[in-house]
Enquirer: 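Have a look at this one before I ask anything.
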Protein chains: 2
Amino acid sequence: MDDVAGAIADEVRREILTLLRAGPLPAGEIAGRFTISRPAVSRHLRVLRDSGLVRDELVGRQRIYTLVPERFTELAGWIARFTRPSGWEQRLDALATEVHRTRRDRSRGTDRQENTA
Amino acid sequence: MDDVAGAIADEVRREILTLLRAGPLPAGEIAGRFTISRPAVSRHLRVLRDSGLVRDELVGRQRIYTLVPERFTELAGWIARFTRPSGWEQRLDALATEVHRTRRDRSRGTDRQENTA
DNA sequence: AGGAAGCGTAACTGATGGGTTACGGGTTTG
DNA sequence: CAAACCCGTAACCCATCAGTTACGCTTCCT
């Protein structure tokens, strides 16, 4: 999962994965759809290979890359733990608890300002 | 989604997110749970903030960080396009895997090879 | 064979990023 | 007001990385 997140974090690699969604492709075919050099694409393919998101197979003098959908599931599961807000409805209570850690004092009126984009 | 993947790609940031899953925390409290320096954690928090995965709120002289679960959904959706119809939260795949490869066709006898694993 | 095609790798470079220490600005508290 | 506290930012160092060109290996075609 670790490597998977890193692999997905790159735009070129995401596009490669999207390309492969239609079916397996040889390295040259993949590289041909990008403006960057073929070795650069080759290294992106290596990252994807190491992450396990794609698998390669030598067919003659071509190297065919194939998607490995199972590999996505692990990361999807990790993310899923955050998508559902499970049950901490007492966000202010928890906050108050943490504030008490540093000042075990009686509280006064608490101003609060927000800073959110 | 772009920034989200990059934010998740780091181990420290993943741990911060996991911490925040229990509820909001001030920056100092978060930093206290890591061996790395507080400014280092502060920069990780900035990355998470910019990615939109967390939101900050000034309370007195503390800066409280809160998880933003909605932000995970976008990336989860992108990843879901690659997961096989294994059957947990995946919609039924109404799309057949069209293996149409736009092969660059030379004017000669076109070696063709289909490869699917 | 011999040459062209397909790909990965090596070597190098500029950009990026995570770590640190030093510092400044806002907020309570005495 | 001054001191202590919380926290982000600036300046800096070192490791990593994405991009390039040059090269070597293997495979297909004539």
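Lettering of chains follows the sequences in order, A, B, ..., and the numbering in each one begins at 1.
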Enquirer: How long is the line joining CZ of Phe34(A) and C1' of dG19(D), in whole Å?
Expert: 14 Å

Enquirer: Quick one: list whatever passes salt bridge (charged side-chain N to carboxylate O under 4.0 Å, His left out) with Arg63(A), sequence neighbours left out.
Expert: Asp56(A)

Enquirer: Name all pairs fulfilling the ring-ring contact (aromatic ring centres under 6.0 Å, His included) condition that reach into residues 33-69 of chain A, sequence neighbours left out, sorted by first residue then second.
Expert: none

Enquirer: Where the side chain of Arg46(A) is concerned, which of dT9(C), dG6(C), dC7(D) is the nearest nucleotide?
Expert: dT9(C)

Enquirer: As a test of reading the structure: which of dT9(D), dG8(C), dT27(D) is closest to the side chain of Arg61(A), going by heavy atoms?
Expert: dT27(D)

Enquirer: Who passes side chain to side chain contact (heavy atoms under 4.5 Å, CB included) against Arg38(A), sequence neighbours left out?
Expert: Ala31(A)

Enquirer: For Arg49(A) and dT9(C), what is the distance between atoms CZ and C1' respectively, to the nearest whole Å?
Expert: 11 Å

Enquirer: Apply side chain to side chain contact (heavy atoms under 4.5 Å, CB included) to Ser51(A) and list each qualifying residue two or more places apart in sequence or on a separate chain.
Expert: Asp3(A), Ala7(A), Leu53(A)

Enquirer: Tyr65(B) side chain N/O closer than 4.0 Å to the phosphate oxygens (OP1, OP2) of dG8(D)?
Expert: yes

Enquirer: Measure the distance from CG on Leu58(B) to C1' on dG26(C) and round it to the nearest whole Å.
Expert: 9 Å

Enquirer: Would you say Arg63(B) reaches dG8(D)'s phosphate, i.e. side-chain N/O to OP1/OP2 under 4.0 Å?
Expert: yes

Enquirer: Give the C-alpha distance, both sets of side-chain angles, the deciding distance and a yes or no for side-chain contact (heavy atoms from CB on, under 4.5 Å) between Leu20(A) and Phe82(B).
Expert: CA-CA 10 Å; Leu20(A) 258 42; Phe82(B) 294 91; over 6 Å; no

Enquirer: Find the distance Leu45(A):CG to dC7(C):P and express it as a whole number of Å.
Expert: 10 Å

Enquirer: What is the distance, to the nearest angstrom, from the CD atom on Gln62(B) to the C1' atom on dC7(D)?
Expert: 10 Å

Enquirer: dG8(D) C1' sits how many Å from Glu29(B) CD, rounded?
Expert: 18 Å

Enquirer: Checking Arg43(B) now: which residues fulfil side-chain hydrogen bond (donor to acceptor under 3.5 Å, both in side chains) with it, not counting sequence neighbours?
Expert: none

Enquirer: For nucleotides 17-24 of chain C, give me one character per nucleotide, 5' to 3': B if any protein heavy atom sits under 4.0 Å from the base, S if the only such contacts are to the sugar-phosphate, - if neither.
Expert: -BBBBB--

Enquirer: Could you state the atom-to-atom distance from CG of Asp50(A) to P of dC17(D) in whole Å?
Expert: 11 Å

